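Model, not experiment: these values are computed from the prediction. Below, chain A is the first sequence line, B the second, and so on; all start at residue 1.
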Number of protein chains: 2
Amino acid sequence: MTDDARSAAPAVGRSGLTMPHAPTLEEVARRAGVSRSTASRAINGGLKVSPAAQAAVDAAIAELNYTPNRAARSLVTRRTDSVALVVPEPDERVLTDPYFAGTLQGITAALDPTDIQLVLLIARRGEEAKRTTRYLLNRHVDGAVVVSHHRDDALDQVLHDSRLPTVFVGRPWAAAGDVAFVDVDNEHGGRIATEHLIKAGCTRIATIAGPLDMAAGLDRLAGWRSALHEAGLSDEAMARGDFTSAGGAAATERLLAAYPDIDGIFAASDLMAAGALSVLARHGRSVPGDIKVVGYDDLGVATSTAPPLTTLRNPVVEMSRAAGELLLAKITGGDQEVVPRIFHAELVVRESA
Amino acid sequence: MTDDARSAAPAVGRSGLTMPHAPTLEEVARRAGVSRSTASRAINGGLKVSPAAQAAVDAAIAELNYTPNRAARSLVTRRTDSVALVVPEPDERVLTDPYFAGTLQGITAALDPTDIQLVLLIARRGEEAKRTTRYLLNRHVDGAVVVSHHRDDALDQVLHDSRLPTVFVGRPWAAAGDVAFVDVDNEHGGRIATEHLIKAGCTRIATIAGPLDMAAGLDRLAGWRSALHEAGLSDEAMARGDFTSAGGAAATERLLAAYPDIDGIFAASDLMAAGALSVLARHGRSVPGDIKVVGYDDLGVATSTAPPLTTLRNPVVEMSRAAGELLLAKITGGDQEVVPRIFHAELVVRESA
DNA sequence: GCACCTGGTGGGATCGCTCTCACCCGGTGT
DNA sequence: ACACCGGGTGAGAGCGATCCCACCAGGTGC
């Protein structure tokens with residue numbers, strides 16, 4: 001691979017154009033009639049630059065359509081102007097979850113006013129995960145947002161030790177006091193959902209729990225439990241799901257087999273609730289007539305099920321946006337105090353309960 | 001901001017540790033007892049490196065936990081080892097579409113064996129879009145995959161002119177002969193869907209079309225048309241949607257008002273079909289009894305509607321994976337011929353038709 | 001014997017930027 | 001008169017990698 005873009009040979013390719021050779025700061029400076037230093041200053045915040053010089057540089061930039069070379073800049077500043085979104089998710093199905101898209105959208109929004117790039121790191125297990133960790137530890141990004149964190153990925157510990165600015169979306173496992181995170185009050189959400197079922201007259205209430213190696217799974221389960229205890233009802237009917245529709249369906253089958261007389265289900269995600277609805281329909285149980293169902297998330301799925309799901313609105317986008325902003329603050333502001341931001345999930349009543 | 005990471009002053013911060021100072025190639029070389037050049041060669045493909053030297057370097061790398069500094073490398077190679085996923089999507093709702101997550105998953109899979117980073121570029125309209133374009137044009141990435149391309153974003157033209165390796169997911173508008181892309185045979189899919197309705201006995205078949213400034217929207221509409229023509233049926237009942245559930249619902253309302261006697265609907269996406277189903281239910285039309293509905297995509301939504309949707313399976317993940325691989329080939333292989341890869345959408349019969 | 005490869009090696013030069021530093025200027029304080 | 005300051009400026013030294021080139025073995029061909 002020789003550097004044919006700048007060789008003396010005639011340009012190849014259909015268009016017949018030579019590669020334009022991106023303008024450098026040197027060229028901008030020359031054109032503006034100032035030194036490289038001044039041009040650089042004008043570009044980065046323009047302190048101690050005369051209005052005349054500033055204007056000249058601005059003009060040159062516009063004429064040449066100049067963008068600073070990120071690599072060169074990073075090399076000396078030791079910043080990369082990029083942050084990672086880390087998704088330690090071995091299970092590829094979960095990527096299709098709209099939750100994930102919501103996260104992306106929130107973080108993108110937070111990053112929008114800056115010109116920081118978002119790079120995506122899907123950390124699989126084993127060797128791959130190690131590569132990701134090393135990548136993060138060697139400061140190839142200025143910070144990281146971690147979403148869908150599982151207990152055994154150990155990212156909380158690793159990232160905390162590395163002192164890389166990090167924000168978790170969803171409460172991390174370890175080092176909870178020291179690691180920044182945003183979350184939604186999952187336990188409260190689980191309780192609200194369950195209380196709604198109780199108020200609607202259900203007395204034998206099951207739950208389809210999320211993965212119990214994730215804080216969200218655990219907390220929603222705990223909320224369900226505490227509401228039942230308070231009402232003096234049994235918290236026996238629990239089946240584990242994996243936040244997917246198929247998992248929810250399977251869990252429902254197990255629940256119906258073990259506890260045929262349940263009259264309410266709290267599913268820890270809408271996808272699982274949707275799976276539950278289809279199984280219930282197949283078994284001839286009417287919703288909300290025979291069994292009432294409450295989901296969690298309200299990210300689009302909830303409105304397209306039949307019946308539409310009563311669910312808890314999970315403010316993913318706002319939450320991840322907050323995560324992004326928190327990360328920016330940590331990056332620029334250094335080591336200030338860590339105040340987790342907790343969002344509220346609110347009940348959206350539709351037809352399933 | 002002084003370089004306190006290496007100052008002689010005692011380290012600050014809770015942990016009391018000095019920032020580890022990422023190892024450099026120089027250090028690796030010294031430890032391995034070879035020159036920087038040899039170490040570099042050992043790292044990059046190890047041609048003309050003695051087994052002894054190679055082993056020494058490998059060991060040093062492992063001991064120091066070394067990762068090459070990307071910025072320094074990029075500066076000289078003029079590659080960035082990153083590619084962009086460009087989403088020229090002004091409408092934030094669409095980001096929540098599982099289609100998008102599928103794309104991401106496919107590209108990530110393609111990039112996985114390399115250590116190329118994926119950076120996300122959400123190009124809004126106006127100034128923002130310009131910034132994105134400039135970013136791409138100045139070669140801050142080695143290539144780009146464009147998804148959800150609209151007619152007026154002009155990305156096809158701009159990127160083609162720039163000669164930046166680019167692959168579109170979904171047929172681009174202009175320069176179609178010259179721009180690499182992968183796509184699903186949308187017209188064929190639209191035809192299959194409509195033929196299925198015809199075979200099922202429908203004679204007054206409507207469509208909810210996608211955005212007509214996107215190839216997918218147009219092509220699926222064309223497929224619907226051609227099947228109807230072939231069968232000698234009317235192609236009058238058309239309403240435009242925007243690939244979202246709400247848009248589908250609104251379109252359905254309009255259809256029912258204008259053509260109350262329709263007995264079949266082909267919706268150009270499952271989300272729109274889901275919207276249609278809820279409106280139909282509200283109007284007391286039974287599906288598939290009174291009206292049969294066929295969707296498009298089969299990305300999870302289709303199974304959680306009631307009734308589950310008959311739809312066309314859109315192989316988004318495979319398709320985007322192919323896009324990723326095609327891009328890699330273009331980046332490394334240079335200007336070889338452009339062969340669009342067209343995937344097949346196949347009919348998945350469920351209960352709605 | 002000399003030329004000429006071929007595998008292996010190390011010494012710079014270099015990429016495009018930032019940042020420290022020295023310097024220059026005119027205005028102020030003593 | 002001098003020192004001093006503060007805005008504005010340019011020269012030059014890196015940042016950490018790659019890569020060209022020079023060089024040194026030892027083998028081969030004539």
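The aromatic rings of B/His149 and B/Phe168 stand perpendicular to each other, their planes meeting at an angle above 60°, with 30° marking the opposite boundary.
Within a 6.0 Å sphere centred on CZ of B/Arg341, other residues, nucleotides and ligands contribute 12 heavy atoms or fewer.
In this structure, A/Tyr66 reaches the C/dC17 phosphate: one of its side-chain N or O atoms is under 4.0 Å from OP1 or OP2. Residue A/Ser35 places no side-chain N or O under 4.0 Å from the OP1 or OP2 atom of D/dA11.
To the nearest angstrom, P of D/dG16 lies 16 Å from CG of A/Asn69. Straight-line distance from the CZ atom of A/Arg73 to the C1' atom of C/dC15: 16 Å, rounded to whole Å. Counting to the nearest Å, the C1' atom of D/dG16 and the CD atom of B/Glu27 are 11 Å from each other. B/Arg79 has its CZ atom 20 Å from the P atom of D/dG16, to the nearest Å. Taking atom CZ on A/Arg41 and atom C1' on C/dT18, their separation rounds to 10 Å, with Å as the unit. Residue A/Leu75 contributes atom CG, which lies 4 Å from atom C1' of D/dC15 at whole-angstrom precision. For A/Lys48 and C/dC21, the NZ to P distance is 13 Å, given to the nearest whole Å. Atom-to-atom, CZ of B/Arg36 to C1' of C/dG8 comes out at 17 Å; the value is rounded to the nearest Å.
Within 4.0 Å (heavy atoms only), B/Ala71 reaches no atom of the nucleic acid at all. At the heavy-atom level, B/Ser37 lies under 4.0 Å from base atoms of the strands shown. Contact annotation for B/Arg70: no contact, since no heavy-atom pair falls under 4.0 Å across all strands.
When atom types are taken as modelled, the side chain of B/Asp153 and the backbone of B/Leu155 share a donor-acceptor pair closer than 3.5 angstrom. Under a 3.5 Å cut-off, the side chain of A/Asp142 and the backbone N or O of A/Asp81 do form a donor-acceptor pair.
Here the side chain of A/Thr77 is nearest to one of C/dC19, C/dT9, C/dG16, namely C/dC19. Proximity note for B/Arg78 (side chain, C-beta onward) versus C/dC15, C/dG12, D/dC19: the nearest is C/dC15. Nearest nucleotide to the A/Val76 side chain, out of D/dT9, D/dA17, C/dG16: C/dG16.
Annotation: proximity of residues 111-119 of chain B to DNA chain D (heavy atom, distance under 4.0 Å) is found for no residue.
Here the straight-line distance linking atom CG of B/Leu121 with atom CG of B/Leu85 works out to 8.5 Å at 0.5 Å rounding.
For the pair B/Asp58 and B/Gln54, the minimum side-chain heavy-atom distance is below 4.5 Å.
Ranked by how close their nearest DNA chain D nucleotide is to the 5' end, B/Ser40 and A/Thr38 are led by A/Thr38.
Ion pair A/Arg321/A/Glu325 flagged as a salt bridge, since at least one NZ, NE, NH1 or NH2 atom sits closer than 4.0 Å to an Asp/Glu carboxylate oxygen.
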